[in-house]
Amino acid sequence: MAQSLLVQLSTRVGQAFEKLDLDPALGKIVRAQRKEMGQFQCNGALAAAKQAKKNPREIAEAVVAELEKDGSFQDLTTGGPGFINMNLTDASLTAHFNELADDPSFGAKDGVTPETVILDYGGPNVAKAMHVGHLRATIIGESLRRLNVFLGHKTISDVHFGDWGLPMGLLIKEIELSNPELPYFDPAFEGPYPDTSPVTVDELQVLYPQASSRSKEDPEFLEAARLATFELQQGRVGYKALWQHMLDISIAETKVDFDLLGAHFTEWKGEADTNDHIPAMLKRYADEGYSEISDGATVVRVEEDDDKKEMPPLILQKSDGAVMYGTTDLATIELREEEHHPDKILYVVDARQSLHFEQVFRAARKGKSLRDTVHLEHVGFGTVNGKDGKPLKTRDGGVVRLRSLIDDAISEARKVVNEAGMAEKFGAEELENIATKVGVAAIKYADLSNQRMSNYVFDLERFTKFEGRTGPYQMYAAVRIKSMLRKAEEQSLSQGPVQLVADAERNLILALAGLPEAAKGAAEKNAPNILCDHVYALTQEFNSFYHDCHVLGEKDPAVRASRLTLCAITLRQIEAVLHILGIDVPERM
Ligand code: ARG
């Protein structure tokens, strides 16, 4: 397995510090800020000088003298108050490239201790079609899942359906109003219940808002819905049967969206799956003194002395007996702990739910619902805004459905690929396939390339451009390399050992060598934007290489073969990173 170039070189430079009786940790090197400064720089002499009370320039020069003995470096210089600049020799750069070429993770897995990571994302609800908020949860969550897989972790991805609260009771009662004759409402009915759902997903989208506003005007209806929720949770068979229909049609509907977005869930669990566990949990929390009764409700106090803002208690059970969003989340933690023994649970959910997760995590720790060592994290994200800077809405002020966003992106992509002249080149089916990939890549890259917590403006025209920091552009860069490699094959030009001639080739290898830091940084901060930056820098470096160096047209067969190898490995890395970002690259476009 390859090891990160920066780690390897830092160790070597650290050894030089050590020979001078200085702390080897000071040998840490970084890529030089500007290319004219060389490839790498080390600033450790400055800190070493403070520690040893010596002149930093003298230390820098002594380190350089040591490094001269190590055959890997060249062009060693000192500058400023004691910076050390250096290049790698072509031999060591080539050797590193060969290591990278042999390792599917490009050195990213090195030093990673495999963990079990549960990712909770997607989070659709039975009562409401997936909307723009679920777009980010799905895109970011899926890319973090893929990143963790890439780094060698075991991942479990759970969609955590919202299927167990008051919205269920509201829907049951709303359906009863218009169809009181259905057997689901007759307590004396002994079954069997019908096989097909009495309502469609589209009807649910109408029924839920209707029920929700009715409950605000009609306290009796609200009371009935509360009771229905409680009875459902207690297992009333007719309600359970109706609920199952609603869940099944919702799952089928969301699967279409998740397939379009390439999201992969290993578990299709929901809030309701905790129902059987909740009584035991409530009992343990009460018996062990973690919960208490307050105004008839069962709560867990979670405030801490140094809280800066108010931290309300987590409500486990309301006075009417119904359990809450927090109760099912707490029970889910216990079930995950029992079943999977995870090292980490990541919740990729809208930042506006941060209070909820803080309460749940604190309650879980207080009530010892899981081992202390398990890392719980709410991976929040900002909102998607319209061009007016306010959260994205439909023209009449409604919630934007996820499906319509994807559809819009694909139609914008159709326009763009047509304008690029692809309609003349490809048949209808291939063209549509390309447009779908371009549309999905556009929204994904736009979403992931932003800092997760910031809001961004949904601007399809900008997202679908074939230039700059866009998904379609990164994808196009990969397609171009693919087509070049195909041509090489057609002309029976083979790949061969890498030999370095031009600076653009060296820079390309250095860009490829940056993946371990990018992938680890992205995983540590749950920040896919770091990988977006990496792949963008890589495609830029490839463009410079392609501009400066002939590949197919190169006369010298050994140089040509070397460049074809560089192209093939670059393609492999671009595709690997785009795969983590959830972007599929077509064969041609
Ligand atoms: N269904 C929730 C929503 O739409 C998201 C669920 C997130 N996951 C969780 N374990 N609470 O807001």
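When a ligand or atom number is given, it counts from 1 through the structure's own listing order.
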Close approach, His134 and ligand 1, non-hydrogen under 4.0 angstrom: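 Per 4.0 Å heavy-atom rule, His134 contacts ligand 1.
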Options Thr328, Val126, Asp329, ranked by nearest heavy atom to atom 10 (N) of ligand 1, top entry: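 Selected option, by shortest heavy-atom distance: Asp329.
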Tell me the contacting part of Thr332 for ligand 1: side chain, backbone, both, or neither, using a 4.0 Å heavy-atom threshold, strictly below.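 Within the 4.0 Å criterion, Thr332 makes no contact with ligand 1.
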Taking the basic N atoms (NZ, or NE/NH1/NH2) and the acidic carboxylate oxygens, is any pair closer than 4.0 Å for Lys173 and Asp218?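 Looking at Lys173 and Asp218, the cut-off is not met.
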Quick one: do Arg136 and Asp350 make a salt bridge, cutoff under 4.0 Å?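 Looking at Asp350 together with Arg136, the answer is no, because their closest N to O distance does not fall below 4.0 Å.
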For Tyr536, check ring pair (Phe, Tyr, Trp, His ring centres under 6.0 Å) against everything at least two apart and list the hits.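 Tyr536: no ring pair (Phe, Tyr, Trp, His ring centres under 6.0 Å) contacts found.
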Looking only at protein heavy atoms, identify the closest one to [atom] and say how far it is in Å.
atom: atom 4 (O) of ligand 1; answer: Asn125 ND2, 2.9 Å
atom: atom 8 (N) of ligand 1; answer: Asp120 OD1, 3.0 Å
atom: atom 12 (O) of ligand 1; answer: Gln353 NE2, 2.8 Å

Where does the angle between the aromatic ring planes of [X] and [Y] fall among parallel (under 30°), tilted (30 to 60°) and perpendicular (over 60°)?
X: Tyr347; Y: Phe357; result: tilted
X: His245; Y: Tyr184; result: perpendicular
X: Trp268; Y: Phe265; result: perpendicular

Side chains of Lys216 and Ser212, donor plus acceptor under 3.5 Å: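 Yes, a side-chain donor-acceptor pair sits under 3.5 Å.
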List ligand 1 atoms under 4.0 Å from [X], heavy atoms only on the residue side.
X: Tyr347; answer: 10 (N)
X: Phe357; answer: 9 (C), 11 (N)
X: Tyr325; answer: 2 (C), 5 (C), 6 (C), 7 (C), 9 (C), 11 (N)
X: Val349; answer: 7 (C), 8 (N)

Any N or O of Gly162 closer than 3.5 Å to N or O of ligand 1: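 Among all N and O atoms of Gly162, none is under 3.5 Å from an N or O of ligand 1.
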What pairs with Glu288 under salt bridge (charged side-chain N to carboxylate O under 4.0 Å, His left out), at least two apart in sequence or on another chain?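 In terms of salt bridge (charged side-chain N to carboxylate O under 4.0 Å, His left out), with neighbours along the sequence ignored, Glu288 is linked to Arg284.
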